[in-house]
Number of protein chains: 2
Amino acid sequence: MKNQMECEERLKKSGLKTTKSRKAILDILIRSNQPMAVEQIFLLLKENQININLSTVYRTLESLENKDLVTKISLMDDDRMLFEYNQLGHRHYLVCVTCKKIITVQNCPLGSYERVLENETRFNIIGHKLYLYGYCENCQRSNDGI
Amino acid sequence: MKNQMECEERLKKSGLKTTKSRKAILDILIRSNQPMAVEQIFLLLKENQININLSTVYRTLESLENKDLVTKISLMDDDRMLFEYNQLGHRHYLVCVTCKKIITVQNCPLGSYERVLENETRFNIIGHKLYLYGYCENCQRSNDGI
DNA sequence: ATCTAAATGCAAATGGTTTGCATTTGCAAA
DNA sequence: TTTGCAAATGCAAACCATTTGCATTTAGAT
């Protein structure tokens with residue numbers, strides 16, 4: 001399948017050894033197409049009969065992050081770290097505060113704003129995190145009922 | 001001093017009892033005018049001969065947050081929570097990835113963008129978190145030297 | 001002044017994450 | 001292919017910010 005190729009290729013390019021753990025974890029993140037909690041990844045591995053120690057999952061994700069294959073993010077009201085496959089370009093998240101559903105937002109209104117800020121602050125701005133939150137369509141309906 | 005008044009007044013309005021802990025912690029946050037880590041607050045209290053148990057500091061901050069007197073935020077690469085006095089309006093942060101200095105950005109480019117997104121996604125958007133990061137003027141200079 | 005719910009101190013628990021160390025494994029060089 | 005070794009892994013214990021249970025104290029209403 002296509003994923004397999006993408007996994008191994010990107011691992012090889014990164015200089016990391018291509019191990020069972022790394023292939024499996026990267027594959028899961030590519031497939032998920034969503035930020036995932038470490039525990040979630042760990043359990044999904046187990047379901048697929050792939051037994052990898054939880055601390056190895058953490059270490060693997062750390063390696064992958066160092067090589068920019070995945071990105072670590074933290075959302076509000078959730079003290080766990082989430083990881084997602086590092087798509088080209090960048091994305092933002094719209095999170096439902098009720099059911100925690102995450103919607104990915106592709107376009108970003110901040111490019112020109114960063115340039116303005118750089119002039120004002122003399123910072124060299126290299127990136128940003130933007131999380132929007134609110135109530136998704138479903139949860140709006142449920143709340144009406146209360 | 002002006003702070004004292006502001007502290008007590010806002011505590012009274014919130015419906016919380018005005019205790020030594022709450023006055024002291026709110027005062028520190030008002031004075032700091034910057035997000036602070038819990039441990040930082042705790043140590044600053046101790047320096048000022050005000051002995052408050054660490055768990056009380058946590059509980060106090062939680063109460064203050066529930067009454068919207070302070071705001072809890074988490075920055076990247078820092079798994080501690082930060083708290084800041086809740087100014088009117090809202091602010092964003094520009095964080096130096098090297099020295100961790102935080103600059104507060106007053107204006108926000110996201111108002112109209114949220115309306116657009118609401119139409120696209122059917123979410124009812126109630127807020128957002130925006131953190132920008134990069135290298136501050138000082139750290140840019142230091143890096144040149146390397 | 002009295003009473004009661006709320007606030008606090010203290011110590012122990014929690015839970016996500018990290019680490020030390022012994023063992024295994026990928027992969028480059030022979 | 002085989003060998004050698006640094007890198008990766010498993011396991012259990014440590015870490016550390018945060019939370020909690022419970023006994024005691026306190027703010028503020030009556």
Side-chain angles (χ1 to χ4, degrees), chain A residues 4 7-28 35-46 49-67 69-83 100, chain B residues 4 7-28 35-46 49-67 69-83 100:
Chain A
Q4 298 289 348
C7 274
E8 305 223 11
E9 201 173 323
R10 293 206 60 178
L11 280 173
K12 203 156 282 176
K13 275 190 192 159
S14 75
L16 291 173
K17 291 184 181 173
T18 57
T19 66
K20 177 186 83 169
S21 309
R22 291 183 179 151
K23 276 187 289 188
I25 291 174
L26 196 52
D27 185 60
I28 283 183
M36 293 182 76
V38 180
E39 193 77 17
Q40 244 181 310
I41 297 172
F42 177 68
L43 292 176
L44 194 48
L45 286 165
K46 193 170 273 177
Q49 334 291 344
I50 303 175
N51 270 49
I52 299 178
N53 192 279
L54 181 57
S55 66
T56 301
V57 177
Y58 275 103
R59 279 191 280 227
T60 300
L61 289 167
E62 194 189 349
S63 309
L64 295 176
E65 199 207 359
N66 288 337
K67 298 299 183 181
L69 297 189
V70 306
T71 305
K72 177 162 69 169
I73 65 179
S74 71
L75 301 183
M76 17 174 351
D77 295 330
D78 190 347
D79 44 1
R80 302 169 308 171
M81 304 307 301
L82 306 184
F83 289 83
K100 311 297 180 195
Chain B
Q4 298 289 347
C7 273
E8 304 223 11
E9 200 173 321
R10 293 207 61 179
L11 281 173
K12 204 157 279 178
K13 275 190 192 158
S14 75
L16 292 174
K17 290 185 182 174
T18 56
T19 65
K20 176 186 82 168
S21 311
R22 289 180 181 154
K23 276 187 287 186
I25 291 174
L26 195 52
D27 184 59
I28 282 184
M36 292 182 77
V38 180
E39 193 75 19
Q40 242 181 312
I41 298 171
F42 177 68
L43 292 177
L44 194 49
L45 286 166
K46 192 169 275 178
Q49 333 293 344
I50 304 175
N51 269 50
I52 300 178
N53 193 280
L54 181 56
S55 67
T56 301
V57 177
Y58 276 103
R59 278 190 281 227
T60 300
L61 288 167
E62 194 188 351
S63 307
L64 294 177
E65 198 206 359
N66 288 337
K67 297 299 183 181
L69 297 190
V70 306
T71 305
K72 177 162 69 169
I73 67 179
S74 70
L75 301 183
M76 13 173 354
D77 295 330
D78 190 346
D79 44 2
R80 302 169 308 171
M81 304 306 301
L82 306 184
F83 288 84
K100 311 298 181 194

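Letters go in sequence order (proteins before strands), and every chain restarts at 1. Computed from heavy atoms alone, side chains included, the values below leave out hydrogens, waters and symmetry copies.
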Through what angle, rounded to 10 degrees, does the axis of the helix from C:dA1-D:dT30 to C:dA30-D:dT1 turn between its ends, using five pairs per end?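 For the helix from C:dA1-D:dT30 to C:dA30-D:dT1, the axes at opposite ends meet at about 40°.
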For B:D79 and B:G15, take the nucleotide of DNA chain C holding the closest heavy atom to each; which residue's nucleotide lies nearer the 5' end?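 On the 5' side of the pair lies B:G15.
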Earlier contact from the 5' end, DNA chain D, for B:K72 and A:R22: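 With A:R22 and B:K72 compared, the 5'-side residue is A:R22.
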Candidates A:T60, A:I25, A:L26 - the one meeting side chain to side chain contact (heavy atoms under 4.5 Å, CB included) with A:V70: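 Answer to the side chain to side chain contact (heavy atoms under 4.5 Å, CB included) test with A:V70 among A:T60, A:I25, A:L26: A:L26.
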Quick one: which of B:L54, B:D27, B:I52 gives a side chain to side chain contact (heavy atoms under 4.5 Å, CB included) with B:L45?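 Checked B:L54, B:D27, B:I52 against B:L45; only one passes side chain to side chain contact (heavy atoms under 4.5 Å, CB included): B:I52.
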When rounded to the nearest 0.5 angstrom, what distance separates [atom1] in [X] from [atom2] in [Y]?
{"X": "A:N51", "Y": "A:F42", "atom1": "CG", "atom2": "CZ", "result": "7.5 Å"}
{"X": "A:L16", "Y": "A:R22", "atom1": "CG", "atom2": "CZ", "result": "4.5 Å"}
{"X": "B:E62", "Y": "B:Y58", "atom1": "CD", "atom2": "OH", "result": "11.5 Å"}
{"X": "A:M81", "Y": "B:S74", "atom1": "CE", "atom2": "OG", "result": "8.0 Å"}
{"X": "B:M36", "Y": "B:R80", "atom1": "CE", "atom2": "CZ", "result": "10.5 Å"}
{"X": "B:L82", "Y": "B:T71", "atom1": "CG", "atom2": "OG1", "result": "11.5 Å"}

Rounded to the nearest angstrom, tell me the gap between atom CD1 in B:I41 and atom C1' in D:dA17.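 Rounding to the nearest Å, CD1 of B:I41 and C1' of D:dA17 are 14 Å apart.
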Please state how far atom CG in A:L82 lies from atom C1' in C:dG16, giving the value in whole angstrom units.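 Whole-Å distance recorded here is 12 Å.
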Does D:dT19 have OP1 or OP2 under 4.0 Å away from a side-chain N or O of B:Y58?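 No.
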Does C:dT17 have OP1 or OP2 under 4.0 Å away from a side-chain N or O of A:R80?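 False: A:R80 side-chain N/O out of range (4.0 Å or more) of C:dT17 OP1/OP2.
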Each nucleotide N or O in nucleotides 9-13 of chain C that has a protein N or O under 3.5 Å away: list the pair and distance.
residue, atom, partner, partner atom, Å
C:dG9, OP2, B:N53, N, 3.0
C:dG9, OP2, B:T56, OG1, 2.5
C:dG9, N7, B:R59, NH2, 3.1
C:dG9, O6, B:R59, NH2, 3.0
C:dC10, N4, B:S55, OG, 3.2
C:dC10, N4, B:R59, NH2, 3.3

Under 3.5 Å, N/O pairs linking protein and nucleotides 28-30 of chain D:
residue, atom, partner, partner atom, Å
D:dG28, OP1, B:T18, N, 3.0
D:dG28, OP1, B:T18, OG1, 3.1

Assess whether side-chain contact (heavy atoms from CB on, under 4.5 Å) is satisfied between A:I50 and A:L44, documenting all intermediate values. CA-CA 9 Å; A:I50 303 175; A:L44 194 48; over 6 Å; no
Please tell me if the side chains of B:L11 and B:K23 come closer than 4.5 Å, counting only heavy atoms from C-beta onward.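 Of all side-chain heavy-atom pairs linking B:K23 with B:L11, at least one is under 4.5 Å.
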